Structures are given as structure tokens and as C-alpha cells.
*Asks:* 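I am attaching a structure below and will ask some questions about it afterwards.
Letters A, B, ... mirror the listed sequences (proteins, then strands); counts begin at 1. Only a predicted model underlies this, so the values are computations on that prediction, with no experimental measurement involved.
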Amino acid sequence: MSVTREIITLQLGNYANFVGTHFWNTQEHSFNYDPEVEVSEINHDVLFREGNYNRNVTFTPRMLLLDLKGSLKFVQESGNLYTENQIELNNPEKNVLSQIRETIAWQDDNIEVMESEEIPMPSYQKSLMENGIAEGEEFNLKETVNNWPDFMYTRYHPRSINIIKNYEYSEQISTFDTFTVGTQLWNSPLFEDEYCDKIRNYIEECDQCQGFQTIFDAIDGFSGVSMKCIEHLEDEYSKSILAFPLIPSVVKNFQFSDEGMSETIRLINIAFSYAKLSEFSSLFIPLSTMERGWRNVSDARKFHNISYDSSNLYHCSSILSSFIDTMSIQYRLREITNQNYLSNLCAQLNIYGRKMCGAKISFPFPMNEKEDLIDFLDRFNSDLMQCISPNTTIGTDRIIQSVTLRGIPKNRLKKPFEKAKDQMKMAAYKCSSISEMIQLYYQCSFYASLSHVASAESAMKIKSPFPKEFFSDNRLTSRGFLKEFQNDEISQVNEVPVMTSVQNSNELSNTLENLYTQVERVKLAKIPRFIDAGLEKEEYKELLEQLLVFKEQYDDNEFL
Amino acid sequence: MAAISLLNPKAEFARAAQALSVNISASKGIQDVMKTNLGPKGTLKMLVSGAGDIKITKDGNVLLHEMQIQHPTASLIARASTAQDDITGDGTTSTVLIIGELLKQAELYIAEGLHPRIITEGFDQARLQALKILDDMKHPVEINRKNLQDIARTALRTKLNTQLADLLTDVCVDAILTIKKEDDKPVDLHMVELMEMQHKTATDTQLVKGIVMDHGSRHPDMPKRLENAYILTCNVSMEYEKTEVNSGFFYKTAEEREKFVLAERDFITQRVQKVIDLKKKVCDGTNKTFVVINQKGIDPNSLDMLAKEGIMALRRAKRRNMERLALACGGVAMNSFDDLKEEHLGFAGLVYEHVLGETKYTFVENCKIPQSVTILMKGPNKHTLAQIKDAVRDGLRAINNTLEDKCLIPGAGAFEVQANIKLREYSKTVKGKARLAIQAYADALLVIPKTLAVNSGYDSQDTIVRLQEEGELSTDPIGLDLSTGEPFKPVDQGIFDNYIVKKQIINSCTVIATNLLLVDEIMRAGMSSLKG
């Protein structure tokens with residue numbers, strides 16, 4: 001038996017948890033409980049751990065999430081899997097005190113109970129807990145979800161959940177505002193003892209840990225916490241760290257500040273994150289469904305074959321999660337080759353210290369239902385993929401990229417020799433695998449570029465609580481391919497093929513330059529909260545410097 | 001109209017008397033919340049969240065952290081109380097009560113027209129005088145078991161019920177006495193590891209004179225229990241790291257590649273072999289055994305090699321445990337295996353594993369001269385464990401404070417009563433209006449014995465009068481016996497508080513109260529859009 005190459009996932013921030021929740025839901029939906037079927041090509045042990053609770057085997061993500069007080073809503077801090085004797089709140093017959101009386105080391109009559117109103121479970125969670133989701137049951141999650149626990153399908157280990165008590169979650173306003181506040185929070189006992197210890201507990205279980213994937217909110221105080229955390233990981237474990245800074249499509253103002261001010265604060269937080277990531281991470285891929293991530297955030301990216309609401313976090317986060325799901329397949333494959341390592345992915349893309357990459361996704365991969373990949377690549381002329389990194393446009397020249405395609409079975413590659421006919425004439429016909437063909441395709445279409453390709457046959461499963469309404473038009477078949485002939489019949493889409501690409505090119509220099517010029521213009525003295533929180537002028541200068549040096553890595557280079 | 005509204009018409013402000021009343025009412029409010037907590041008869045607060053999370057506490061500081069305090073004045077007081085906890089570990093509730101009471105007393109005089117500035121000057125005089133009184137009351141103690149138990153018991157009984165408090169008193173005192181060195185150096189509390197185990201009941205909490213770790217060996221064939229064990233603590237990776245492409249190797253044939261991989265792997269194997277060699281050298285032919293505790297990883301192949309030699313190996317130990325292990329078992333934490341010698345090893349009489357649910361615990365016990373110990377806290381559920389942990393921390397702090405101060409202050413409100421009497425006498429020697437402020441200060445201190453009385457179900461005025469009478473007659477400090485409601489001598493009963501706690505309270509409360517009294521304008525104006 002081969003060793004598992006474990007990955008530990010860290011989610012920091014509210015939007016990061018939206019994305020993470022979708023990600024874990026998708027993972028769990030791709031589990032296979034049928035012993036007859038061939039073993040999946042994806043090794044789930046990479047992301048999940050086996051445990052036991054009350055003599056039952058549990059399978060939970062190797063994950064730590066972090067959010068503010070109040071965002072958990074109806075979920076207990078110990079999670080909802082390892083439940084010790086549940087307390088009934090606001091029960092008139094039996095008060096909370098009497099339910100746990102015997103465990104309290106104090107005289108009975110001297111206990112004052114301060115009970116909060118019980119937070120009701122949304123109907124989706126209720127049916128999930130009680131009897132499972134019946135086929136075809138609809139919950140209108142798009143309208144009812146207002147925070148990530150509402151659509152949590154996977155259950156977490158009690159170790160996974162971490163809550164910041166100093167700041168409270170609010171729907172209107174964001175209280176956890178600056179990078180500096182975040183870095184200071186890292187020195188509190190919650191992180192020093194508990195959080196770091198939990199990371200250690202996870203890694204202690206691993207036989208051959210590949211590294212960490214870190215998903216975090218880059219716009220608020222979580223950026224500071226995350227950077228401290230990544231610094232700690234780098235310091236302590238020296239494993240690969242892949243980071244996904246997120247910029248939510250819907251943002252709240254910070255406390256005591258209007259829109260302009262909030263925008264500036266976000267800008268600085270993002271700049272800080274990028275600068276620090278260039279130092280401590282192995283590779284980072286900023287993600288957002290908006291075209292611009294700082295200043296004038298308004299235009300949402302459009303995706304060809306799905307209809308989504310760009311102002312709905314539940315929708316947007318699912319697209320980003322699909323990206324992470326697909327691109328991470330490379331290092332989650334069961335088959336172990338030299339290629340299938342996170343460290344390898346980072347090394348391939350990060351050359352000359354260019355740690356930032358752009359992300360592109362083709363969701364769903366627009367292939368017709370009866371078409372072969374070879375024909376599709378031959379006929380398809382327009383842009384195959386949509387960029388989902390903010391303020392980034394990447395052309396077709398001088399690119400280093402890592403492409404992942406999932407959901408195209410081997411037999412759809414090309415026709416067998418006897419039936420090949422015209423396909424024989426194409427150069428691509430000699431390719432014997434999907435990766436080979438995609439590689440050839442990019443060799444021909446991108447000038448002076450280098451592509452690494454990974455592929456998996458299994459498509460991405462689309463199952464509630466994933467927003468199925470994305471595919472509510474009649475263009476897709478149930479397997480997620482485009483219909484050859486349009487008809488009015490709307491089929492239930494069960495899975496979709498997805499292609500993603502992580503790209504590195506000179507053009508990212510523009511992204512960083514844009515960020516740099518914007519931040520340079522900000523007068524720090526006008527935002528007293530950074531200084532109040534302990535930011536030194538020198539530190540700020542250093543940040544600008546660091547960002548500029550990082551940008552220069554992308555400027556024309558004789559090797560590329 | 002306030003000047004600010006000329007600049008910013010949207011600014012909110014409160015002036016003079018209004019500002020003062022905002023501050024005073026806020027401090028009264030926070031005082032009311034905390035009042036019932038004080039003393040061993042105070043109420044325990046149980047906070048239940050909307051999802052059913054339970055938090056049980058009596059510690060003023062924990063409570064302040066759990067409550068979201070929005071009011072700026074209240075949060076200022078809360079911060080003073082947090083600082084109190086950081087510095088001394090006790091007296092957080094008292095801080096809040098005294099600040100509130102100082103403002104309350106001051107309010108009476110301000111209403112009669114006394115200027116806040118005069119009051120604050122008087123307060124400051126009173127503070128200096130109170131510190132003198134405190135110094136006079138110092139009860140020098142010999143550092144011995146009994147005296148430390150007295151102080152720890154007083155601190156713990158205010159947090160837990162008698163039975164559990166007495167048990168933890170012994171645990172805490174033993175912990176400190178074990179790691180205390182002969183000289184007068186302060187004890188490093190980090191060398192007392194606090195380990196939680198959700199298991200059995202709170203009364204099973206115990207002191208382990210050694211180290212308990214929350215992980216075990218990761219190999220099925222490794223021994224689960226070893227006696228007379230050499231302990232090797234190290235920070236050396238025994239994990240094969242895959243080469244990255246950048247530093248890849250070039251090969252012609254598949255066999256050649258295999259060879260390269262083996263050669264890389266061999267590097268780690270040699271490291272492991274060094275450990276095995278040492279084990280053979282020191283253990284062969286004796287009844288000694290060998291344990292490796294590594295801060296870095298150990299991969300399955302290395303574990304396998306070690307297991308074959310009967311070595312127990314733990315990976316990814318806590319960074320701080322490296323230091324603790326060296327202190328508990330002796331030996332040195334190694335950063336490299338070159339030149340590994342026997343004198344680098346520690347020794348423990350017994351090392352064994354205990355499995356509880358998903359978690360393995362490893363006990364390293366029977367060390368020769370343990371300089372680091374573990375308090376193993378047990379409890380049937382999370383909230384009990386949290387409650388014990390808070391209490392143990394406070395207990396340890398109280399003992400440590402005593403070691404540093406080398407003196408104690410009689411407890412049960414004795415200091416406050418004495419200070420009240422002495423300050424009143426002192427006020428007669430002061431000329432001018434400052435005298436009034438000193439009287440106010442003296443009265444404010446009485447809030448502690450008053451609240452103690454009320455929380456125990458006695459009449460506050462009645463109690464105070466009797467305490468004062470008794471205090472004026474007696475030369476010894478007089479406190480309130482909470483079980484009878486009668487005045488008594490706390491020294492006889494062994495009820496003591498820490499000197500530094502009282503000192504800190506006097507200092508910080510006076511400063512905060514003074515600051516709040518001098519506020520004559522409160523304004524709130526947000527920075528409006530400054531496009532930068």
C-alpha cells in the first residue's frame with residue numbers, strides 16, 4: 001500500500017468559509033459507497049481523515065476554519081458530528097441548568113443562567129439532520145442562505161471549528177477591519193495555544209504531508225491573521241503552501257467608515273496580503289468573480305453556459321470552489337507519479353520568484369454531447385476559459401500554465417482507428433491520452449508557452465446544496481455536455497466536465513503595477529485606524545517596496 | 001455649542017455634567033453585572049449561546065471577554081480589568097467594583113459643587129496613603145507548603161466548590177514546589193503544562209510529575225509501555241521529502257532513477273540508523289529501553305526501522321514540550337544527530353500510552369528530578385474542563401505571586417476595612433476640600449466587604465458597622481467571616497490575598513477613575529470620506 005500524501009486545508013474568513021463549505025460538499029458528493037464500482041481515481045484520504053467517535057467510524061476533512069463570533073449560528077462550536085449530550089434551549093419544563101446540573105462545581109442556588117434565544121435551524125439543515133434529503137426536495141437555498149452554516153452538508157471534526165471571540169459577525173457591517181488588527185490577534189492565546197496546536201495535531205497524524213492549501217479573505221482583518229498563519233506554517237513545517245486570497249463579490253462597509261474609506265482599507269489589506277504572500281507562500285492564486293478586485297468593483301465576470309447571480313455570495317463562492325476542486329485534482333490523484341505533488345505544482349509555476357498566478361476556468365467545459373475531444377479542440381475557436389482572478393488579463397503568449405481537465409472519459413478522446421475517418425488527418429490523432437492532446441493543443445495555440453496537463457475521468461458532481469439553478473436552461477444534458485440539437489427539454493444536470501488553468505505570465509506585472517500605483521496614492525495618515533492598530537510608517541513603506549520588487553519579477557525577462 | 005460641531009456638524013457630543021453622568025452610569029452598569037460574582041459565595045454565571053454552547057465562569061475577566069461590551073467607558077473599565085488579570089491573575093471583579101464605587105462616591109460631591117479636579121487630587125493623595133497602609137499590613141510569610149496552600153485555597157475557593165478547590169489547591173502547590181529551584185529565582189509557569197482530558201470527573205484531576213503529551217506512537221508494533229527509558233528529545237526531520245523539480249535529478253534508465261530515489265531515501269535512513277546505533281550502545285545487555293520524541297516528522301519507513309528495534313517514537317511534539325522534556329527528564333534537545341552521545345539523553349522511569357477515543361496520550365513519568373510537571377485536568381465535558389483550567393491558572397498565579405512578594409495581605413475584606421479606618425483618620429490631618437475626596441475614597445473601598453456580605457446573605461450596613469467597630473478596637477486586621485457573618489481575624493483562618501493584587505487594584509482603579517472624572521466632553525465623529 002502506498003502512503004497517503006495528506007493535504008491540510010485552512011479556511012480563514014467568512015467568504016473563505018462559503019467557498020470551503022461548497023468545496024467540502026462537492027468532495028463528499030463524489031464519495032462512492034458502492035463496493036462494486038472500480039476504486040475512484042481520486043484519493044479522498046488526501047483531504048479527509050478517518051476517526052472514530054462512540055465506536056463509529058468518521059471521515060472528516062483535515063481542515064481548520066476560522067470565523068467571527070456569531071457566524072456559526074445554530075452550529076455548536078464543537079461542530080455537529082461529535083455531539084455530546086445536546087442541551088435543549090428555552091425548554092419551559094426542564095431548564096438548561098437542571099439538564100447539566102451534576103457537572104457544575106458550585107452551590108446550586110448560586111448559579112445564574114444567562115440564556116440566549118435559540119437560533120432555529122433552517123429547513124434544509126433540519127431535513128438533513130432528521131431524515132436526509134429526499135429526491136427532488138427543493139429548499140430555495142439561493143434566497144434563504146445568508147451564511148455558510150446554512151448549506152453545510154459535510155460535517156466537521158470538533159477540532160475544525162475556531163471562533164474569534166473579540167469581534168462579532170454582523171450582516172450590515174464588518175468590524176474586523178485592518179490587516180494590522182489581524183496580525184495582532186495572532187498573538188492572543190486563541191492562536192498561540194489552540195490554533196497552532198490544532199495544526200500540529202493534524203500534521204502529527206499525517207504520514208507524508210504534502211503541504212497546506214490556505215483559503216482566506218484578503219480584504220479585511222483576516223488577511224493579517226492569514227499572513228501570520230502562513231508565516232507560522234513556513235517557519236514550523238517548511239512544506240508547500242498554496243494560498244487562495246479571495247475577494248468577495250459583495251462587500252460590507254467597515255465600521256465608522258463610508259464606502260470610499262472602506263474601499264481604501266480593503267485596498268491596503270489586499271496589498272499587504274500580496275506582499276507578504278510573495279515572501280511566505282509557495283504559490284498564490286487570487287480568486288474573485290468580479291473583474292476588478294480593488295477600486296470600482298462593479299463588473300461581474302460572465303460565464304458562457306451558466307446563469308448566476310453575481311450579488312449572491314452563495315452563488316459566487318460555488319464557482320470559486322469548483323475551480324479549487326478541479327485544479328486540486330492534480331495532487332489528489334490516487335496514482336502517485338512525480339507529477340502529482342503539490343510541491344511539484346508550485347515549482348512548475350513559480351519561476352524566478354513569480355509566486356502569483358492567474359486562474360482560469362471553463363465551467364462547464366463546452367463540449368457537445370456526442371463530440372470527441374479531438375473534434376472539439378479542432379472546431380472551437382473562441383476563448384475556451386474565463387479568467388477568475390481580479391484585475392487580471394492573460395493573453396496567449398509566453399505562458400507557463402498548469403491545466404486540469406475533469407470529466408472527459410478516455411473513449412471520448414478520439415475514434416478508434418477503424419472509424420476515425422477525417423480525424424486521422426489531424427496531427428492530434430497520434431495523442432493517446434487526454435493530457436497529451438491538451439498539451440499539443442496549447443503548444444499550437446499559445447506562442448512560446450509551457451503547459452502541464454493533468455486529467456481525471458470523473459466529472460464534477462452537481463448535487464444540492466450546490467446551486468443547481470446555474471444550469472436551469474435547456475442547453476445542457478444530464479452529463480453536463482452541450483446538447484447537439486437544441487430542444488426545450490430541461491434535463492436535470494447531475495455532473496459537469498470542468499477545465500481549469502493556473503497561469504503565470506508577464507502580463508501579471510500589470511495587475512501588480514495597478515495595485516502598487518493605487519496603494520501608493522493612499523495617504524496613510526488619513527486612515528488613522530491602521531496607525532491606531534500599531535502600524536508603523538516604516539512598515540508601510542517596506543510593504544510598498546516589497547510589492548514593487550515583487551512586481552519587477554514579472555517584468556520582461558530574457559528567459560521568457 | 002461644542003467646538004467640534006463647528007468643524008463637523010454631524011458629530012455627537014456630550015459636555016461637562018452630561019459627559020460625567022455618561023461615564024458614571026456606564027461604570028455603575030458594569031459594576032452591577034459583576035457585583036454578584038465577588039467572593040466564595042458569589043454566583044456562578046452560566047452563559048448559554050444560541051446554538052447551545054455552554055460557558056461557566058465566575059472569573060470577572062472571562063465574563064468581560066464573553067460579553068460584547070459596546071459602551072466606550074465600560075470597555076475602558078473592562079480593559080483595566082483585563083490588565084489586572086494579565087499582571088496579577090486575580091482581582092478582576094474587585095477592579096470593576098472599586099472603579100464603579102469611586103465614581104459613585106465622587107458623584108455625590110460633584111453634585112454638591114465640588115470640582116472634579118479637587119476630587120482627583122484628593123484621590124491621588126488617598127492612593128499614596130492607601131499604599132502605605134497596604135505596606136504596613138504586609139504579613140511576611142515563609143515559603144512553605146502550608147502558607148502557599150492558604151493563598152491558593154483562598155483564590156480557588158472563589159472559583160470552584162470547596163471539595164474541588166481543596167483538591168486543586170494541593171495539585172497547584174505541589175506543582176510549583178516541585179519545579180521551584182532552591183534559589184529565589186521566579187518560577188516559570190510555562191514549565192507547568194496544563195493538559196485536558198475529557199474523561200471521568202473533575203475530582204480525578206491530578207498532578208503528573210513528568211510530561212503528558214497528547215499524541216502517541218504511530219506504529220502498531222511499537223511498545224506501548226516502557227520502563228527505565230532513555231529519552232531522546234530532538235528536532236531532526238526523519239521524513240523523506242520529495243525532491244522538487246527545480247532540484248531534480250537526471251537519469252537515463254528506470255533502474256538508474258530507482259537508484260537515485262534510494263540514495264535520497266538513504267540520507268534519512270542513515271539518520272535513523274544513528275539513533276538505533278546509540279540505542280544499541282546504551283541499552284544492549286541492560287534492562288534499559290529507548291524513547292525518541294521528535295519535534296519534526298517521522299515517516300512510516302523510519303517508524304518501521306525504529307519499531308523493529310523496540311524503540312518508541314513520537315513525532316511532531318509541541319515546541320514548548322521540547323524545553324519541558326529536557327527539564328523534566330534531563331538531557332538536551334538535539335538539533336542534529338552528528339555526535340550523539342549518552343549524556344544527551346534524558347531518563348524516565350516509566351513511559352506509557354493511554355488511549356482515549358481518538359486521542360492517544362503519552363505519559364513520561366518517574367523522572368529523577370523533574371523541573372517541569374503537568375497538571376492533568378479531567379472533566380466529563382468541555383465546560384467543566386474550561387472552568388477547571390481557568391481556576392488552575394489563577395491558583396498557579398496566586399502561588400507564584402506569593403513567591404515573588406514573599407508576603408501576603410489578610411483577606412476577607414480585612415484590608416479594605418483597615419484602609420477605611422486609617423484613611424478617615426488621615427483625612428482629618430488634611431486641610432481644605434481634598435479632605436472630602438479622601439473620605440470618598442475611604443468609603444469607596446468598603447464596597448468589597450459590603451458586596452461580600454450581600455453575596456453571602458447578610459445585611460451590608462449592619463456588617464460594615466460591626467466590622468468598623470471591631471477594627472477600631474483591635475490592632476489585628478479584621479475581616480468578615482462569610483459562614484457566620486461575624487467579624488473575625490482572617491490571619492487565624494489562613495485567608496490571604498496577594499500583595500501585588502491589592503497594590504495593582506489601588507493603583508489602576510485610582511488612575512482610571514481619575515481619568516473618567518476629568519472627562520468633560522465626549523464626542524464621536526467619524527472620519528468622513530477622505531478620498532486618498
*Asks:* Is the number of heavy atoms from other residues, nucleotides or ligands under 6.0 Å of B/Arg265 CZ greater than 12?
*Replies:* yes

*Asks:* When rounded to the nearest 0.5 angstrom, what is the spacing between CD1 in B/Ile298 and CG in A/Asp207?
*Replies:* 11.0 Å

*Asks:* Can you tell me how far the OG1 atom of B/Thr359 sits from the CZ atom of A/Arg159, to the nearest 0.5 Å?
*Replies:* 7.0 Å

*Asks:* For A/Glu205 versus B/Arg218, what's the shortest heavy-atom pair and its separation?
*Replies:* CG-NH2, 3.6 Å

*Asks:* Is there side-chain contact between A/Tyr202 and B/Arg316, with at least one heavy-atom pair below 4.5 Å?
*Replies:* no

*Asks:* Is atom CD of A/Glu520 surrounded by more than 12 heavy atoms (other residues, nucleotides or ligands) closer than 6.0 Å?
*Replies:* yes

*Asks:* Salt bridge check: are A/Arg49 and B/Glu358 linked by an N-O gap of less than 4.0 Å?
*Replies:* yes

*Asks:* Please classify the contact of A/Cys196 with chain B as side chain, backbone, both or neither, using a heavy-atom distance under 4.5 Å.
*Replies:* neither

*Asks:* So which heavy atom on A/Asp197 is nearest to which on B/Asp214, and how close?
*Replies:* OD2-OD2, 4.1 Å

*Asks:* Can you tell me which portion of A/Gln210 sits under 4.5 Å from chain B's heavy atoms? Options are side chain, backbone, both or neither.
*Replies:* neither

*Asks:* Does any heavy atom of chain A fall under 4.5 Å from the side chain of B/Lys296, the backbone, both, or neither of them?
*Replies:* side chain

*Asks:* Measure B/Ser237 against the heavy atoms of chain A and call it side chain, backbone, both or neither at under 4.5 Å.
*Replies:* neither

*Asks:* Would you check, one step at a time, whether the test salt bridge (Lys or Arg N to Asp or Glu O under 4.0 Å) holds for B/Glu239 with A/Lys239?
*Replies:* CA-CA 12 Å; B/Glu239 201 174 33; A/Lys239 308 248 175 209; 3.0 Å; yes

*Asks:* Check each atom of B/Ala165 against the heavy atoms of chain A and say whether the ones under 4.5 Å are side chain, backbone, both or neither.
*Replies:* neither

*Asks:* Are B/His215 and A/Asn201 side-chain neighbours, meaning at least one heavy-atom pair lies under 4.5 Å?
*Replies:* no

*Asks:* Can you find a pair of side-chain heavy atoms, one from B/Arg319 and one from A/Glu236, that are under 4.5 Å apart?
*Replies:* yes

*Asks:* Can you tell me which portion of B/Gln163 sits under 4.5 Å from chain A's heavy atoms? Options are side chain, backbone, both or neither.
*Replies:* neither

